[in-house]
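For reference, the structure discussed in these notes is given below.
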Amino acid sequence: MKFEKVSPPESGEKIKYIDGELKVPENPIIPYFEGDGIGKDVVPAAIMVLNEAARLTGREISWFKVYAGEDAFKIYGNYLPDDTINAIREYRVALKGPLTTPVGGGFRSLNVTIRQILDLYANVRPIYYLKGVPSPLKHPEKVDMVIFRENTEDVYSGIEWKEGSEEALKVIRFLADEFGVNIRKDSGIGIKPISEFATKRLVKMAIKYAIENNRESVTIVHKGNIMKYTEGAFRDWGYEVAREEFGDKTITETELWENYDGKAEGKIVIKDRIADNMFQQILTRTDEYDVLAMPNLNGDYMSDAAAAMVGGLGIAPGSNIGDGMGVFEPIHGSAPKYTGQNKVNPTAEILTGALMFEYLGWKDASEMIKKAVERTIQSGTVTYDLHRHIGGNLVGTKEFAEEVVRNLG
């Protein structure tokens, strides 16, 4: 494939997707972009750690630098150039830094655009505790969840019109004339689509993950008591896909208690919870939840709340996964006021790289990175965000990453 203003590395091999499985060489080409703000600090720090973990496990990454955000606009006159999208399509797995999205006006979220263009339909966020990190919980060690958030639908579809616009007024008139639904004329209008297709492939991915990783349950999180034909349907379709495609490996929570007295060895328990109740359940009954599957907006709220339970967004990894394709990004934003100060915590970006390694099938390297980060924090070598809570040896972004490298292996 030809690119307009970037060139792939001469060394390395492509990751391939054959018969529903990734085929990953020992020297893959992986596109990356630093993005905006502190991406300039945390992405190079993460790559330092990833390179060493790959080397220690007999592998090597050929990095392919591409652009998105403000850097891309300077080079292309476009915040998300075709070169970047085509590189991810061609090489299948990419690492990214945070991208700035203005609130209200301005351009639309580049993160959402990337997910939708590449059909990265599952936002997958593991939430787990690292020893030594300050937490608001008495027992943060009980937190071990993986959140699967549907990534392409719901109110994040971007189907909306401004208050007073011709489009908004037309929709308001249509609803009044055709269905007798009265909406105030000074309303902005948004559409919330949730489809059977998108729901089932998301829940299917969550259940497959639970089976492959020896998890105990998958909880469908929804607001179906109010939004019956969108989120209520999400719940029903989730149970359907469990029954129809994983009937021999799953059991409902009702069946578990009615037929097996709460004990069914070798089965994944499928259950559901109302979203607002779930926010307090993850706090009060933390160890009862394992893999969570939910619509887009619920997933955004829930994953950030869960991350706060184990130390906040500065240490929370994330990913966007489709069929044979993944873009890996931390949960935190671009924090432009700290750009270039060698100050911020790169843990989220480093652990995002570890999550990318897990997706590649490099679980040994992934676990090595997580343990090295934990050792570093436990030793008291921390960046300013953790130092203000626990003290210790205050270091910068680069120095923290260098200490993680020393703790690898």
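Using a 4.0 Å cut-off between charged side-chain N and carboxylate O, K170 and E167 make no salt bridge. Salt-bridge check for R59 with D364: passed, with a basic side-chain N closer than 4.0 Å to an acidic carboxylate O. Under 4.0 Å is where a charged nitrogen must lie from a carboxylate oxygen, and between D248 and R243 no such pair does. The pair K267-E265 does not count as a salt bridge, with every side-chain nitrogen at least 4.0 angstrom from each carboxylate oxygen. Using a 4.0 Å cut-off between charged side-chain N and carboxylate O, K40 and D71 make a salt bridge. Ionic pairing of K271 and D290 is not present here: no N-O contact between side-chain nitrogen and carboxylate oxygen is shorter than 4.0 angstrom. Between R55 and E60, no side-chain nitrogen of the basic residue sits less than 4.0 Å from a carboxylate oxygen of the acidic one, so the salt-bridge criterion is not met. Note on K192 versus E231: salt bridge recorded, some NZ/NE/NH1/NH2 to OD/OE distance being below 4.0 Å.
Here the closest heavy-atom approach between residue V404 and residue A372 is recorded as O-CB, 3.6 Å. Nearest heavy atoms, L408 versus I369: CD2-CA, 3.9 Å. The nearest pair of heavy atoms linking I38 to P98 is CG1-CG, 4.3 Å. The nearest pair of heavy atoms linking F148 to M205 is CE2-CG, 3.7 Å. Of all heavy-atom pairs spanning K185 and L169, the tightest one is O-CD2, 3.7 Å. Counting all heavy atoms, side chain and backbone alike, A242 lies closest to I270 at CB-CG1, 3.9 Å.
Formation of a donor-acceptor pair under 3.5 Å by the H139 side chain with backbone atoms of E141 is not found in this model. The main-chain N or O of A354 is found under 3.5 Å from a side-chain atom of S366 such that the two form a donor-acceptor pair. Listed for the T113 side chain is a donor-acceptor partner under 3.5 Å among the backbone atoms of S109. The backbone N or O of I189 sits nowhere less than 3.5 Å from a side-chain atom of S187 that would complete a donor-acceptor pair. Remark: side-chain polar atoms of Y121 are not paired, donor with acceptor, to backbone N or O of E153 under 3.5 angstrom. In this structure, E255 contributes its side chain and T252 its backbone to a donor-acceptor pair below 3.5 Å. Of the possible donor and acceptor atoms, none in the side chain of S165 sits under 3.5 Å from a partner among the backbone N and O of W161. Remark: side-chain polar atoms of D36 are paired, donor with acceptor, to backbone N or O of E70 under 3.5 angstrom. Under the 3.5 Å distance criterion, the side-chain polar atoms of T199 are left unmatched by any main-chain donor or acceptor of E196. In this structure a side-chain-to-backbone donor-acceptor pair under 3.5 Å is missing from D287 to K142.
Taking the six-membered ring where the residue is Trp, F3 and Y91 present parallel rings, their angle staying beneath 30° rather than reaching 60°. Between Y338 and Y384, the ring planes lie tilted relative to each other; the angle falls in the 30° to 60° range. Below 30°, between 30° and 60°, or above 60°: for F179 and F174 the angle between ring planes is above 60°, a perpendicular geometry.
Within 6.0 Å of atom CD in Q280, more than 12 heavy atoms from other residues, nucleotides or ligands are found, so the atom counts as buried in its surroundings. Around the CD atom of E216, the shell of radius 6.0 Å holds no more than 12 heavy atoms that belong to other residues, nucleotides or ligands. No more than 12 heavy atoms of other residues, nucleotides or ligands shown are found within 6.0 angstrom of CD on E166. The environment of NZ in K249 is sparse: at most 12 heavy-atom neighbours from other residues, nucleotides or ligands sit within 6.0 Å.
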Q) Is there a salt bridge (Lys or Arg N to Asp or Glu O under 4.0 Å) between D304 and R125 once you walk through the steps? A) CA-CA 10 Å; D304 280 12; R125 296 183 178 182; 3.1 Å; yes
Q: Decide yes or no on salt bridge (Lys or Arg N to Asp or Glu O under 4.0 Å) for R149 and D300, but give the supporting numbers first.
A: CA-CA 7 Å; R149 164 192 170 196; D300 197 1; 3.7 Å; yes
Q) Should K96 and E329 be marked as a salt bridge (Lys or Arg N to Asp or Glu O under 4.0 Å) after you check the CA-CA gap, both sets of side-chain angles, and the distance that decides it? A) CA-CA 5 Å; K96 69 180 284 292; E329 63 180 354; 2.5 Å; yes
(Q) For a salt bridge (Lys or Arg N to Asp or Glu O under 4.0 Å) check, start with the C-alpha distance between D119 and R201, then their side-chain angles and the critical distance, and finish with the verdict. (A) CA-CA 12 Å; D119 199 24; R201 68 178 180 175; 2.7 Å; yes
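When the options N123, I194, L202 are evaluated for a side chain to side chain contact (heavy atoms under 4.5 Å, CB included) with E150, the one that passes is L202. A side-chain hydrogen bond (donor to acceptor under 3.5 Å, both in side chains) with K223 holds for exactly one of N298, D276, T230; it is D276.
For the pair P317 and P330, the minimum side-chain heavy-atom distance is 4.5 Å or more. Counting heavy atoms from C-beta outward, T397 and N345 have side chains that stay 4.5 Å or more apart.
Side-chain polar atoms of T376 and T381 form no donor-acceptor pair below 3.5 angstrom. Side-chain contact, D144 with Y129: no donor N or O sits under 3.5 Å from an acceptor N or O. Residues N407 and E374 bring no donor and acceptor atom of their side chains to less than 3.5 Å of each other. Side-chain contact, Y67 with D83: no donor N or O sits under 3.5 Å from an acceptor N or O. Side-chain contact, N342 with D41: no donor N or O sits under 3.5 Å from an acceptor N or O.
With F357 as the aromatic partner, K370 does not meet the cation-pi criteria of under 6.0 angstrom to the ring centre and within 45 degrees of the ring axis. Cation-pi geometry between R115 and Y156 is not met: the NZ or CZ atom fails to fall both under 6.0 Å from the ring centre and inside 45° of the normal.
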